[in-house]
A.B. asks: 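Pasting in a structure now, in structure tokens, and then I'll have a few things to ask.
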Amino acid sequence: MNSITTPDAIQIVAALLFSIGVFGVLSRRNLLIILMSVELMLNGANLSLVGFAREFAHLPGKSESAQVMVLMAMAVAAAEVAVGLSILIALFRHVRSVSVDHPQATTLRD
Amino acid sequence: MDPLSPLSSLSYDVGDFLYVIPIAIPALFGMIVLILDIYLGRGSNKTPLALTSGLGCLLTAVAAWALWAPATGAPVMAGTLAPSAFGAVAALAILIGTTLIGFSVAHHSQSADGVGVDLGRSIAHGELYGLLLFATSGMLAMTIANDMVTFFVAIETLSIAVYALTGVERRRARSAEGAMKYFVLGAFSAAFLLYGMSLLYGATGTMRLDVLAETAIKPSDLPMATVGGTLILIGLLFKVGAVPFHAWVPDAYEGAPSAVTGFMSIGVKVAAFAGMFRIVEGLGACGALGADLAGSPVGSWVLWFVAALTVIGGNAGALTQRNPRRLMAYSGIAHTGYLLVALVAFTRQFGHSSDALNMTYAAHDAAAGLLFYLLAYALANAGVFAVINHLERRGEDVDSLDDLAGLAHTQPRSALVMAVCLLSLAGIPGTAGFLGKLWVFRAGVASGDVGLVVLALMASAISLYYYLRIVVIMYMREPQAGTAGASSEDPQRWCSRLAILVAGVLTIWLGVYPPNAILKLVVDGAQALVH
């Protein structure tokens, strides 16, 4: 196995991608960037799934079905973004802003 | 054949396709409704759409009862589904929500005379029913998913449909705003769910829940499994609106049209709880809920705190609300808390306590209690939202509790059903909600969580205040000026009347004299989950 793509290295990169995504969602104020960060999180999870599936290839008692899951997750993510962007456009028509700091779009009232 | 061999994971009987029928029917009817809507044309009476989706739900319920209820929970379809009575009961609760809510909005768009314009023109009906049915299909798949791939696809099918539903009234800023909040947090939690599944898979080498339950995890992989399990639970707790993750609930419920709010509060919660119990069963059995602490896994103590916070937070938040939908949002959070009591009782069986047998009984009770509670909750919430929809159909905005003043004089039957359903949510004897709470709390006592049950009991005593306040407003106040006058004669109002009637009658029926068939199904469902 190539030393650059050891299982651990893949998992570390996946965890980093996921963490960058979490940080982006929590710190950015622009809804588009937040959506991109969510995609980053999903891709981190996908990379981790592929990494594990590769690690488990041909191991007895381990399944490789994560490969399938990644395909499903990509399709799901595409559908999610399509709906998310339409909602964003619908919201933009009302508030003329994509910032979560906009008074109408931000406050989680209680 | 060895269940883990690569070939067996691809093999299935043709007969297994029978179990997919209850999932396929709503999706099929969703498409039929969309096409039918084109033929009906703009501005026409949309009652046929409600009837078609009602027919679809009825067929689905019959199929689920006939096909899933006798199944034992053994995996079928190459291990992707595990149909059982558990899924059948959850499916019934979900379908109650879809049907009654669908009926109660039957002719919003019909009033061309200017009454009901506000909602009428902005909800596109074909899409509304289509999305309701697609979401229902995802929910049903979630209740019997036996594979994390199926589970993830199912939860995303329902989520994406519900995001769109929340924003369906797109000319209203509130609707778009609620949809955006729900979408961002929902997608965020979905990513947690997916990464959690990945880590769990990395630790166990399987995607299947039944194999997971029998896997012995290597001690060196246990931390990864625990982190994975935690991330999965966080993703699901988001969906049910448990307290640290509940911030989106009030805004999404307030922003969405009432019909969609009712559907969300029933379907999403029922499906998420059914899925959560099935996942937790796998997590607990393979030891991913953490090491033992005082006889039960650490995970069940964490859930104990989440349950306590949710019960307190939901009820405290509901006390001050003036908007019925926000009030129902916090009430929904409180009910999540009561259901988490059942989940805590359910997880106690995975510890190594001295009375393991007792814990198994408690877990059995918890699963049965959950199922009955979900039925009762679905009926009561459907009743409340059917009445709200019924009122909004007359062109009244129900944005404040004061809009319900004097409802007992103007709409005596609606007010009666609303009162019955609210009392059921509060857990007054004689209603289905009482039996549900009794069952869940009994499981909590049996598993030794007396403190949590006492807390939940006190909280539900507090909840009486805000539920009864609505009843008082309906019965003891004079109608506001303009409220009664808005009533226009709508010749086809029988659809929503029927929905209201069914919700009220079933709530009382299940509470006073629950039919044996239902009880047997509930107990069978628990049996399928707890061996």
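The analysis underlying the following values was restricted to heavy atoms, covering all of them including side chains, and did not include hydrogens, waters or symmetry mates. Each chain gets a letter, A, B and so on, in the order its sequence line appears, and its residues count up from 1.
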A.B. asks: With side chain to side chain contact (heavy atoms under 4.5 Å, CB included) as the test, pick out the partner of B/L200 among B/T206, B/D221, B/I232, B/V227.
C.D. replies: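 Result: among B/T206, B/D221, B/I232, B/V227, B/I232 is the only option passing the side chain to side chain contact (heavy atoms under 4.5 Å, CB included) with B/L200.
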
A.B. asks: Can you tell if the side chain of B/Y466 reaches within under 4.5 Å of the side chain of B/N315, non-hydrogen atoms only?
C.D. replies: yes

A.B. asks: Given that the side chain runs from C-beta out, which part of B/L193 has a heavy atom under 4.5 Å from chain A: side chain, backbone, both or neither?
C.D. replies: neither

A.B. asks: Over 60° means perpendicular and under 30° means parallel, so tell me whether B/W248 and B/Y182 are parallel, tilted or perpendicular.
C.D. replies: parallel

A.B. asks: Quick one: which of B/A176, B/G186, B/A164, B/G178 has the most heavy-atom pairs under 4.5 Å with chain A, could you say?
C.D. replies: B/A176

A.B. asks: Need one label for A/L59: side chain, backbone, both or neither, based on atoms under 4.5 Å from any heavy atom in chain B.
C.D. replies: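 Interface part for A/L59: neither.
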
A.B. asks: Between A/V76 and chain B, which part of the residue has a heavy atom less than 4.5 Å away: side chain, backbone, both or neither?
C.D. replies: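 When you check distances to chain B, atoms from both the backbone and side chain of A/V76 fall under 4.5 Å.
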
A.B. asks: Measure distances from A/A82 to the heavy atoms of chain B and classify the residue's part below 4.5 Å as side chain, backbone, both or neither.
C.D. replies: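 For A/A82, there is no contact with chain B at all, as no heavy atom is under 4.5 Å.
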
A.B. asks: Does B/V243 form a side chain to side chain contact (heavy atoms under 4.5 Å, CB included) with B/I312? I'd like the steps, not just the answer.
C.D. replies: CA-CA 9 Å; B/V243 150; B/I312 296 171; over 6 Å; no

A.B. asks: Chain B: which of A/V81, A/V38, A/V68 shares the most heavy-atom pairs with it under 4.5 Å?
C.D. replies: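 Option with the greatest count: A/V38.
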
A.B. asks: In terms of heavy-atom proximity below 4.5 Å to chain B, should A/A75 be classed as side chain, backbone, both, or neither?
C.D. replies: neither

A.B. asks: Measuring heavy-atom distances to chain B, does A/V70 have an atom under 4.5 Å in its side chain, in its backbone, in both, or in neither?
C.D. replies: neither

A.B. asks: Name the region of B/Y201, side chain, backbone, both or neither, that has any atom closer than 4.5 Å to a heavy atom of chain A.
C.D. replies: both

A.B. asks: Given a strict heavy-atom distance threshold of 4.5 Å, which part of B/T204 is in contact with chain A: side chain, backbone, both, or neither?
C.D. replies: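 Just the backbone, heavy atoms under 4.5 Å.
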
A.B. asks: Could you pull out the closest heavy-atom pair between B/V168 and B/P257, with the gap in Å?
C.D. replies: CG1-CG, 3.7 Å

A.B. asks: Just so I understand: if I count every heavy-atom pair under 4.5 Å between each of A/A90, A/G51, A/S48, A/A73 and chain B, which residue has the most?
C.D. replies: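 Among A/A90, A/G51, A/S48, A/A73, the one with the most close pairs to chain B is A/S48.
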
A.B. asks: Could B/E254 and B/R326 be called an ion pair, given the rule that one side-chain N must be under 4.0 Å from one carboxylate O?
C.D. replies: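 A salt bridge links B/E254 with B/R326.
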
A.B. asks: For side chain to side chain contact (heavy atoms under 4.5 Å, CB included), just list the numbers for B/L194 and A/N46, CA-CA rounded to whole Å, side-chain angles, deciding distance to a tenth of an Å, and then say yes or no.
C.D. replies: CA-CA 8 Å; B/L194 188 67; A/N46 279 344; 3.6 Å; yes

A.B. asks: Relative to chain B, which segment of A/L26 carries a heavy atom at a distance below 4.5 Å: side chain, backbone, both, or neither?
C.D. replies: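 Side chain only.
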
A.B. asks: Once you round to the nearest 0.5 Å, how far does CE of A/M72 lie from CG of A/L49?
C.D. replies: 13.0 Å

